[in-house]
Amino acid sequence: MKFIFDAVIKAVKELYGTDIDLAIINIQETRKEFVGQVTLVTFPLIKFSKKSPEQTGNEIGEYFANNLTEIAGFNVVKGFLNLSLTDSFWTNKLFNEILDPKFAQFKLNGKKVMVEYSSPNTNKPLHLGHIRNNLLGFSVAEILAAAGYEVVKTNLVNDRGIHICKSMLAWQKFGNGETPNSSGLKGDHLVGKYYVLFDKEYKKQIEALIAAGNSEEESKKNAPLIIEAQEMLLKWEAGDPDVISLWKTMNSWVYEGFTETYKTLGVNFDKFYFESGTYLLGKDIIEEGLQKGVFFKKEDSSVWIDLTDEGLDQKLLLRSDGTSVYMTQDLGTAQLKYNDFHMDKSIYVVGNEQDYHFKVLFTILKKLGKEGAAGLFHLSYGMVDLPSGKMKSREGTVVDADDLMNEMQQTARVHTENLGKINDFADEEKMELYHTIGLGALKYFLLKVDPKKRLLFDPNESVDFQGHTGPFIQYTHARIRSVLNRVDVVPTEYVYNEKLDSEERDLIVALSNYPEVIQTAAEGYSPAIIANYVYDLAKIYNKFYHEKSILQAESDEIKQFRIKLTIASGKVVKHAMNLLGIEVPERM
RNA sequence: GCACUUGUAGCUCAAUUGGAUAGAGCACCUGACUACGGAUCAGGAGGUUAGGGGUUCGACUCCCUUCAAGUGCACCA
């Protein structure tokens, strides 16, 4: 559509004798209640034409009609100049651009971006909130790759700390040597069970202490279990062989479990970082900041940064005893990641409860003049809540990731069996299909919403399979495949002189928007933009499909043309769904 | 208390980043195959965009304010 922008500049120059900036040209898709496909908003131009919006529109429209071969006609409604492009413009678009194998394939832009996501704790299994995180991270990475970035997907695993020791201690005390093998429990679930058990026993001790006359605060601090857990953490930090060995064993169980969950979810990583390997980093940056005068030291020798000029607070960076805090290690880890990859952009997919932390982190890195600091971005997403409120692992009010994915596949099975369209499938094919549809429904449900908005999930109301859903789009694809499977000769003719029907033209217009949609989604780090686009596209295709016969078209020429439209639609639907991490089936 | 985010149809979400009469899905009502797949399509009903003020040719969008919800404000991570 760039030629229209150029034409507007030229038109204004010739009609009104002014050079105008590209930025003030407002071009949009014509709303469907008006005639045309492309609309120029003329309000911003009247200061150059010195005429009414209507008159300006008419003059520019007249100019276009006389000077642009692509323009078939125009109409003006108030300050809107609606342009109709010729049918041959649109058919050329389909033949030369959309059907080209390179359509929507952006060239590498020479920039590297890191997407850090998932970042689980190794003391409990993944839940619905993690699913949102994983899907967002994976999809954003795919979208950025499609837009021409070189992408590195990383996972910073939180594998140490007091919470890990809690699971370990509970297992040691109450586990009787239970293992994933002996119990048949998935490793992460087994470890999670002991994390919950710790909390239960710990609470009992607190209650007993309170009953014995202690204050609540004292009881929480002095309960034997918590003291033992803290001792265990110290031993871990000191490298105690027994503790380290137990830690390694239990973490390996968790990793086995996570690997399985990631596989079912369809996400992957190029590089893992472990907090056990990064938690001591960052002290050299503290030193650097002090030397540069960006940080300051208090009398007790704790180190701070004053960010009150930025509208933030003073922030502690190093304790008075010289040990690090969360921010210290995140500074160090940011540096480590940069040293490893020298990326231009770095995306952190982390929930919005950490908005302040990342604001501070990025500000500090900028103040230190760190390379890559300008490319830092916190992809902050809203929490997933249940109707009953927040999910709490310790209280067992979580929607478990594995359970949920299982249920989705079961639901897909019920739907599919009721329709009875794939009774000839082998069992293995059926299972694969239930997985495709069940996860498609779940992923679409979570990704179609703007990341920053919080998400309400009602486990009692199953995720829909009809309407604005993943399966609707998957169904559209299966139907397209079904039509194309009946075509024996792939059309090779690339001229078309028939008049376009509105359903055909609408479809080409929608398809031609796809590259720009990828670009917008990449710039906004928003899979939701892709999700909403591909739904619209599927709807437009379904309408076309209903109104127009493809295989029984009025003439062979029209039939060939509609087959090509169908091929193009199937291609874009599949590509867009894959950017969301969703597979599309051949049949369903 | 201070800061950040959110508030759109009964419910779940859109709205091309300031453009036309705010659009979809679910649920509800009505219709459409002896036609390429009915997990579909067409239509109906459903709105003071939380309330109020402002900015301008034009505001769901920007500014101020009130209200509601969520999150954050540890020498925790």
Side-chain angles (χ1 to χ4, degrees), chain A residues 26-34 39 41-44 46 52-53 77-80 82 121 158 160-163 275 279 298 300 302-304 311-313 316-321 323-327 329-330 351-357 359 380 382-383 385 389-390 412 415-416 418-419 421 437 441 445 448-450 452-458 461 463-476 478-487 513 516-517 520 524 528-529 531-533 535-536 538-539 542-543 545-553 559 562-563 566 587-588:
Chain A
N26 188 338
I27 302 245
Q28 55 192 284
E29 207 170 302
T30 304
R31 298 183 69 120
K32 64 169 181 255
E33 60 263 40
F34 302 102
T39 294
V41 184
T42 59
F43 288 109
I46 58 176
S52 71
V77 181
K78 294 193 274 184
F80 300 88
N82 301 317
N121 293 338
N158 186 344
R160 64 163 286 282
I162 189 72
H163 48 291
E275 261 197 50
Y279 81 108
K298 290 192 176 171
D300 63 0
S302 58
V303 178
W304 297 72
L312 305 169
D313 297 323
L316 175 84
L317 302 176
L318 200 65
R319 294 192 186 103
S320 48
D321 64 4
T323 58
S324 9
V325 292
Y326 184 36
M327 189 61 76
Q329 69 172 272
D330 262 11
N352 62 11
E353 57 209 342
Q354 296 199 38
D355 283 355
Y356 188 77
H357 173 76
K359 211 182 264 184
S380 161
M383 298 286 102
D385 290 330
K390 234 187 140 167
H415 278 273
T416 307
N418 284 343
L419 292 168
K421 292 177 181 176
I437 299 175
F445 179 80
K448 75 172 181 184
V449 183
D450 184 344
K452 67 172 175 284
K453 293 193 177 172
R454 71 186 263 267
L455 206 59
L456 192 76
F457 183 85
D458 190 344
E461 256 179 64
V463 174
D464 276 328
F465 281 63
Q466 270 147 13
H468 190 179
T469 67
F472 168 89
I473 301 163
Q474 291 174 320
Y475 172 77
T476 306
R479 199 189 219 182
I480 285 171
R481 294 307 312 163
S482 170
V483 173
L484 293 178
N485 282 334
R486 290 165 188 273
V487 175
N513 287 336
E516 207 180 314
V517 171
T520 310
I529 289 173
N532 286 305
Y533 166 80
Y535 168 66
D536 280 335
K539 251 191 349 177
N542 280 330
K543 186 180 172 86
Y545 177 92
H546 244 266
E547 301 293 322
K548 302 293 165 193
S549 188
I550 299 163
L551 301 178
Q552 268 78 44
K559 175 177 163 182
R562 289 183 183 157
I563 289 172
T566 300
R587 288 175 57 192
M588 65 187 276

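Chain letters run A, B, ... following the sequence lines, proteins first, then strands; residues in each count from 1. Please read all numbers here as calculations on a predicted model, not as lab measurements.
- In A:Lys548, the NZ atom is crowded: over 12 heavy atoms of neighbouring residues, nucleotides or ligands sit closer than 6.0 Å.
- Shown here are the salt bridge (Lys or Arg N to Asp or Glu O under 4.0 Å) partners of A:Arg587, two or more places apart in sequence or in another chain: A:Asp424.
- B:U34 and B:C29: their P atoms are spaced 25 Å apart (whole Å).
- Applying the side chain to side chain donor-acceptor pair (under 3.5 Å) criterion to A:Asn485, with sequence neighbours excluded, gives no partner residue.
- Remark: side-chain polar atoms of A:Arg160 are not paired, donor with acceptor, to backbone N or O of A:Glu275 under 3.5 angstrom.
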Please list, for nucleotides 2-4 of chain B, all pairs of protein and nucleotide N/O atoms separated by less than 3.5 Å.
none

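- Taking atom C1' on both B:A59 and B:G54, the two are 11 Å apart, rounded to the nearest angstrom.
- A salt bridge links A:Asp450 and A:Lys452; the closest N-O separation between the charged side-chain nitrogens and carboxylate oxygens is under 4.0 Å.
- If you take CG of A:Leu316 and C1' of B:A77, they are 13 Å apart, rounded to a whole angstrom.
- Per the geometry, CD belonging to A:Gln354 stands 16 Å off C1' belonging to B:G70, to the nearest Å.
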Got a list of protein N/O to nucleotides 35-41 of chain B N/O distances below 3.5 Å?
from: B:C36; atom 1: O2; to: A:Ile550; atom 2: N; distance (Å): 3.2
from: B:C36; atom 1: O2; to: A:Leu551; atom 2: N; distance (Å): 2.8
from: B:C36; atom 1: N3; to: A:Ile550; atom 2: N; distance (Å): 3.0
from: B:C36; atom 1: N4; to: A:Tyr545; atom 2: O; distance (Å): 2.5
from: B:C36; atom 1: N4; to: A:Lys548; atom 2: O; distance (Å): 2.7
from: B:G37; atom 1: OP1; to: A:Ser482; atom 2: OG; distance (Å): 3.0
from: B:G37; atom 1: OP2; to: A:Arg486; atom 2: NH2; distance (Å): 3.0
from: B:G37; atom 1: O2'; to: A:Tyr475; atom 2: OH; distance (Å): 2.7
from: B:G37; atom 1: O2'; to: A:Arg479; atom 2: NE; distance (Å): 2.9
from: B:G37; atom 1: N7; to: A:Ser482; atom 2: OG; distance (Å): 3.0
from: B:G37; atom 1: O6; to: A:Met588; atom 2: N; distance (Å): 3.4
from: B:G37; atom 1: N1; to: A:Met588; atom 2: O; distance (Å): 2.7
from: B:G37; atom 1: N2; to: A:Lys421; atom 2: NZ; distance (Å): 2.3
from: B:G37; atom 1: N2; to: A:Met588; atom 2: O; distance (Å): 2.9
from: B:G37; atom 1: N3; to: A:Lys421; atom 2: NZ; distance (Å): 2.9
from: B:G38; atom 1: OP2; to: A:Arg479; atom 2: NH2; distance (Å): 2.9
from: B:A39; atom 1: OP1; to: A:Lys421; atom 2: NZ; distance (Å): 2.1
from: B:A39; atom 1: N6; to: A:Thr416; atom 2: OG1; distance (Å): 3.2
from: B:U40; atom 1: OP1; to: A:Gly467; atom 2: N; distance (Å): 3.4
from: B:U40; atom 1: O2'; to: A:Arg479; atom 2: NH1; distance (Å): 3.3
from: B:U40; atom 1: O2'; to: A:Arg479; atom 2: NH2; distance (Å): 3.3
from: B:U40; atom 1: O2; to: A:His546; atom 2: NE2; distance (Å): 3.0
from: B:C41; atom 1: O4'; to: A:His546; atom 2: NE2; distance (Å): 3.4

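- Looking at A:Asp464 and A:Thr469, their side chains never bring a donor and an acceptor atom within 3.5 Å of each other.
- In this model, a donor atom of one side chain and an acceptor atom of the other lie less than 3.5 Å apart for A:Gln354 and A:Tyr326.
- Rounded to the nearest Å, the gap between the P atom of B:U48 and that of B:U61 is 16 Å.
- Residue A:Asp385 contributes atom CG, which lies 19 Å from atom P of B:U5 at whole-angstrom precision.
- Judged by distance alone, the side chain of A:Thr416 and the main-chain N or O of A:Ala412 form a donor-acceptor pair under 3.5 Å.
- Here, B:C60 and B:U17 have their P atoms 16 Å apart, quoted to the whole Å.
- Taking atom P on both nucleotides, B:U5 is separated from B:G44 by 39 Å, rounded to a whole Å.
- Among the nucleotides B:C75, B:A20, B:G19, the one closest to the side chain of A:Val77 is B:A20.
- Within the 4.5 Å cutoff, no side-chain heavy atoms of A:Thr39 are placed close to those of A:Glu29.
- Residues passing the side chain to side chain donor-acceptor pair (under 3.5 Å) test with A:Asn352, sequence neighbours excluded: none.
- Using the Watson-Crick or G-U wobble rule with both distances under 3.5 Å, B:A22 pairs with nothing in any strand shown.
- Whole-Å rounding puts the A:Gln329 CD to B:A77 P distance at 7 Å.
- Nucleotide B:C36 is matched to nothing when pairs are restricted to Watson-Crick or G-U wobble geometry with both distances under 3.5 angstrom.
- Comparing the C1' positions of B:U49 and B:C13 gives a spacing of 14 Å, expressed to the nearest Å.
- Here B:U71 sits opposite B:A3 as a Watson-Crick or G-U wobble pair (both hydrogen-bonding atom distances under 3.5 Å).
- Nucleic acid contact class of A:Asp458 (heavy atoms, under 4.0 Å, all strands): none.
- Nucleic acid contact for A:Asn121: none, since no nucleic acid atom lies under 4.0 Å from a heavy atom of the residue.
- More than 12 heavy atoms of other residues, nucleotides or ligands sit less than 6.0 Å from atom CD of A:Glu353.
- One N or O on the side chain of A:Thr566 and one on the backbone of A:Arg562 form a donor-acceptor pair closer than 3.5 Å.
- At least one side-chain nitrogen or oxygen of A:Lys32 sits closer than 4.0 Å to the OP1 or OP2 atom of B:A24.
- Of the nucleotides present, none pairs with B:U61 by Watson-Crick or G-U wobble criteria with both distances under 3.5 Å.
- For the pair A:Phe472/A:Phe465, no side-chain contact is recorded, criterion being any heavy-atom separation below 4.5 Å from C-beta on.
- In this structure, the CZ atom of A:Phe43 is 9 Å from the P atom of B:G58, given to the nearest Å.
- On the P atoms, B:C4 is 34 Å away from B:U21, given to the nearest whole Å.
- In this structure, B:U48 makes no Watson-Crick or G-U wobble pair, since no nucleotide meets both defining distances under 3.5 angstrom.
- Taking a pair to require two hydrogen-bonding distances under 3.5 Å in either a Watson-Crick or a G-U wobble arrangement, B:A42 pairs with B:U30.
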Any N/O pairs under 3.5 Å between the protein and nucleotides 11-15 of chain B? List them or say none.
from: B:A14; atom 1: OP1; to: A:Asp450; atom 2: N; distance (Å): 2.6
from: B:A14; atom 1: OP2; to: A:Lys453; atom 2: NZ; distance (Å): 2.9

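- A donor-acceptor contact shorter than 3.5 Å links the side chain of A:Thr520 to the backbone of A:Glu516.
- For the pair A:His163 NE2 and B:A77 C1', the interatomic distance rounds to 7 Å; values are reported in whole Å.
- Residue-level contact check: A:Thr323 touches neither bases nor backbone, having no heavy atom under 4.0 Å from any strand.
- Mapping A:Thr520 and A:Arg160 onto RNA chain B by nearest heavy atom places A:Thr520 at the nucleotide closer to the 5' end.
- Minimum atom distance to the side chain of A:Lys452 is reached by B:U6, of the listed B:A77, B:U6, B:A20.
- Computed from coordinates, the A:Gln28 CD to B:G23 P distance equals 14 Å when rounded to whole Å.
- B:C33 sits 16 Å from B:A39 when the P atoms are compared, rounded to a whole Å.
- Ranked by how close their nearest RNA chain B nucleotide is to the 5' end, A:Asn26 and A:Asn352 are led by A:Asn26.
- Regarding A:Arg31, its CZ atom lies at a distance of 6 Å from the C1' atom of B:A20, rounded to whole Å.
- Between the side chains of A:Tyr279 and A:Asn158, no donor-acceptor pair is found at a separation under 3.5 Å.
- Note on A:Glu275: only backbone sugar-phosphate atoms sit closer than 4.0 angstrom, heavy atoms only; bases stay farther off.
- For B:U55, there is no paired base (Watson-Crick or G-U wobble, both distances below 3.5 Å).
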